[in-house]
Amino acid sequence: MKVHDAEIVISAVSPAQYPDTHLPEIALAGRSNVGKSSFINTLINRKNLARTSSKPGKTQTLNFYLIENTLHFVDVPGYGYAKVSKTERAKWGKMIETYLAERQQLRAVVSLVDLRHAPSQEDIQMYQFLKYYEIPVIVVATKADKIPRGKWNKHESVIKKALEFDPADTFILFSSITKQGKEEAWQAIEAAIKQ
Ligand code: GDP
């Protein structure tokens, strides 16, 4: 998809605030600092519509972006900060679970993991949760530019094994620096919203 129009429509905390449209939605989830904002900005050809967050722990909202009047990207706040209180974390968990488990418009989740590292417990939990609810997943392994090409396969295998990756899902090596994986990501998203 060639994106010219992308705008934030709402930062929602409760289902009543979700946009009242039938447009398909693609949610994006991952640990804080994984490169989620950079991924979104790369896909929509912007420098900083989705805010790149070097300071974790700020936004605990679901941010809905309207893309080309065709679909919504739903930016799920990054998980895995140590500084958030237990109460905050529980609230966050409930908000995300409600959205992921109940939202009719949701077509797939882009689950971002860092290609350099084995997935965290939270990455694994998120993937298993999505599989439990039979939500299609597009696993995007970020920061591929930081790993030599000859080692990509090895890192991909480690991630897939830890996640118990379902071959029906899509796995994409991505870099917001080289833009590697951008076209593949759009293809996967376009296939998902046609379902
Ligand atoms: P978020 O917290 O998941 O939204 O992560 P950001 O998009 O803010 O990225 C976190 C940090 O990783 C920033 O310093 C980015 O510049 C860097 N980063 C993100 N994607 C890439 C990538 O593909 N390659 C490299 N080398 N750095 C990246």
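In this text, all values refer to a predicted model and were calculated from it rather than measured experimentally. We count ligands from 1, going down the list as the structure has it; atoms in each ligand are counted the same way.
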Peer 1: Ligand 1 and D145, any nitrogen or oxygen pair closer than 3.5 angstrom?
Peer 2: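 Yes, at least one N or O pair falls under 3.5 Å.
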
Peer 1: Can you pull the salt bridge (charged side-chain N to carboxylate O under 4.0 Å, His left out) pairs that have at least one residue in residues 185-195, sequence neighbours excluded?
Peer 2: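 Residue pairs with at least one partner in residues 185-195: there are none.
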
Peer 1: Between D123 and S120, does any side-chain donor sit less than 3.5 Å from a side-chain acceptor?
Peer 2: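 Yes, side-chain donor-acceptor contact under 3.5 Å.
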
Peer 1: Would you check, one step at a time, whether the test salt bridge (Lys or Arg N to Asp or Glu O under 4.0 Å) holds for K131 with D169?
Peer 2: CA-CA 10 Å; K131 290 292 85 189; D169 287 334; 2.9 Å; yes

Peer 1: Atom 10 (C) of ligand 1: which of I147, N33, L28 has the nearest heavy atom?
Peer 2: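 Checking each option, the heavy atom nearest atom 10 (C) of ligand 1 is found in N33.
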
Peer 1: Between F174 and ligand 1, is there a nitrogen or oxygen pair with a distance under 3.5 Å?
Peer 2: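 There is no such contact.
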
Peer 1: Tell me, please: is T142 in heavy-atom contact with ligand 1, that is, under 4.0 Å?
Peer 2: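 Under 4.0 Å: no for T142.
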
Peer 1: Would you check whether A144 has a nitrogen or oxygen atom less than 3.5 angstrom from a nitrogen or oxygen atom of ligand 1?
Peer 2: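 No; the residue has no nitrogen or oxygen that sits under 3.5 Å from a nitrogen or oxygen of the ligand.
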
Peer 1: I'd like to check which ligand 1 atoms, numbered from 1 as shown, lie under 4.0 Å from a non-hydrogen atom of K146.
Peer 2: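 Per the distance check, 25 (C), 26 (N).
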
Peer 1: From atom 9 (O) of ligand 1, work out which of G35, S32, A29 has a heavy atom at the shortest distance.
Peer 2: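 Minimum heavy-atom distance to atom 9 (O) of ligand 1 goes to G35.
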
Peer 1: Side chains of residues 10-18: which donor-acceptor pairs under 3.5 Å do they make with residues two or more places apart or in other chains?
Peer 2:
| from | atom 1 | to | atom 2 | distance (Å) |
| --- | --- | --- | --- | --- |
| S11 | OG | N63 | OD1 | 2.7 |
| Q17 | OE1 | V13 | N | 2.7 |
| Q17 | OE1 | S14 | N | 3.1 |

Peer 1: Taking 4.0 angstrom as the limit and counting only heavy atoms of S175, give me the atoms of ligand 1 inside it, by number and element.
Peer 2: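 Every atom of ligand 1 under 4.0 Å from some heavy atom of S175: 23 (O).
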
Peer 1: Can you name the atoms of ligand 1, numbered from 1 with element, that are less than 4.0 Å from a heavy atom of S38?
Peer 2: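 Taking each heavy atom of S38 in turn, ligand 1 has 6 (P), 7 (O), 9 (O), 19 (C), 20 (N) under 4.0 Å.
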
Peer 1: Checking E25 side chain against I193 main chain: does a donor-acceptor pair fall under 3.5 Å?
Peer 2: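 Judged by distance alone, no pair lies under 3.5 Å.
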
Peer 1: If the plane angle is over 60° it's perpendicular, under 30° parallel, otherwise tilted; pick one for F39 and F174.
Peer 2: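 Ring orientation, 0 to 90° scale: perpendicular.
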
Peer 1: Would you name the heavy atoms of E164 and Y127 that are closest together and state the gap between them?
Peer 2: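 Closest approach of E164 to Y127: O-CE2, 3.8 Å.
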
